[in-house]
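Just so you know, ligand 1 is whichever comes first in the structure, and atom 1 is the first atom listed for that ligand. Just so it is clear, the structure is predicted and the values come from calculations on it, not from any experiment. Residue numbers run from 1 in the order of the sequence given.
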Amino acid sequence: MEKDHPFIPYTKEHYSEEEMTQRAKEFRDWAETRRSVRHFSNKHVPIEVMEELIMTGSSAPSGAHKQPWTFCLISNKELKAKLRELAEEEEYRSYNGRMSEEWIKDLAPLGTDWHKEFIDIAPWIVIIMKRAYEVGDEGKKLNNYYVSESVGLAAGFFLMAVHNAGLVALTHTPSPMNFISKALNRPENERPFLLIPVGYPADNAVVPDLSRKLKDSVIEYYL
Ligand code: IYR
């Protein structure tokens with residue numbers, strides 16, 4: 001083994017099959033209580049909490065361990081207002097012509113529209129940027145790998161961390177998203193991936209009465 005790539009031992013707890021089943025079920029039950037929420041409270045959430053949630057996101061696996069993501073952590077009121085305005089401009093155009101009829105129909109049960117007041121209201125906006133490549137010495141482009149897969153995983157880990165902290169989030173995808181790069185002054189190697197408001201749900205928050213796919217629609221068995 002090469003000296004500059006050391007390996008260290010790794011072990012995990014060992015559970016009986018019964019205990020493992022129980023743990024898997026309990027985790028699933030807890031995970032199933034996560035919902036995307038569109039109605040936020042403006043209640044304060046400490047920055048230390050947000051940093052921990054983000055670092056959990058950043059613990060996700062990534063192509064060649066390049067961790068090709070940047071999490072922009074935003075609480076600045078003027079910037080939030082600007083992002084809302086720009087997102088609503090794009091969303092207005094999407095909902096009024098850019099999206100297909102089928103798409104609009106698919107979204108109907110979610111009750112979404114072009115208004116994005118949650119960007120103002122939520123105490124934190126996290127914008128996950130994917131890093132298409134890195135810039136090395138003398139501007140040399142260095143590769144990242146499986147960037148979308150990696151950043152998607154980081155986003156998933158982040159959302160679970162949010163859920164675990166008793167907070168809620170919304171994976172918002174204003175489209176097109178280039179306005180974000182400009183508003184946040186991000187470098188050319190970064191592309192906006194998701195805009196995620198995080199906070200407490202509003203007292204009167206509601207979520208659509210959705211059900212999730214059952215096992216038979218999700219799993220194809222090859223035993
Ligand atoms: N980007 C729009 C529309 C939208 C699209 C999908 I797919 C959703 O699951 C929800 C919304 C918006 O954020 O409103």
Distance, nearest 0.5 Å, that separates CG of L159 from OG of S36: 7.5 Å
For atom 3 (C) of ligand 1, closest protein heavy-atom neighbour: Y95 OH, 3.3 Å
Part of L110 within contact of ligand 1 (heavy atoms, under 4.0 Å): side chain
Q67 side chain to S58 side chain, donor-acceptor N/O pair below 3.5 angstrom: yes
Sub-4.0 Å heavy-atom contact, W114 with ligand 1: no
Protein residue, atom and distance nearest to atom 7 (I) of ligand 1, heavy-atom basis: W103 NE1, 3.6 Å
The single option from R28, R23, Q22 passing side-chain hydrogen bond (donor to acceptor under 3.5 Å, both in side chains) against E26: Q22
E190 with R131: basic N within carboxylate O range, under 4.0 Å: yes
Option of least heavy-atom distance to atom 4 (C) of ligand 1 (set: I104, T112, L107): L107
No-hydrogen, no-angle side-chain donor-acceptor test under 3.5 Å, S148 and K130: yes
Cation-aromatic face contact K43/Y200, 6.0 Å, 45 degrees: yes
Numbered atoms and elements of ligand 1 in range of T173, under 4.0 angstrom, heavy atoms: 1 (N)
Protein heavy atom at shortest distance from atom 2 (C) of ligand 1: E91 OE1, 2.8 Å
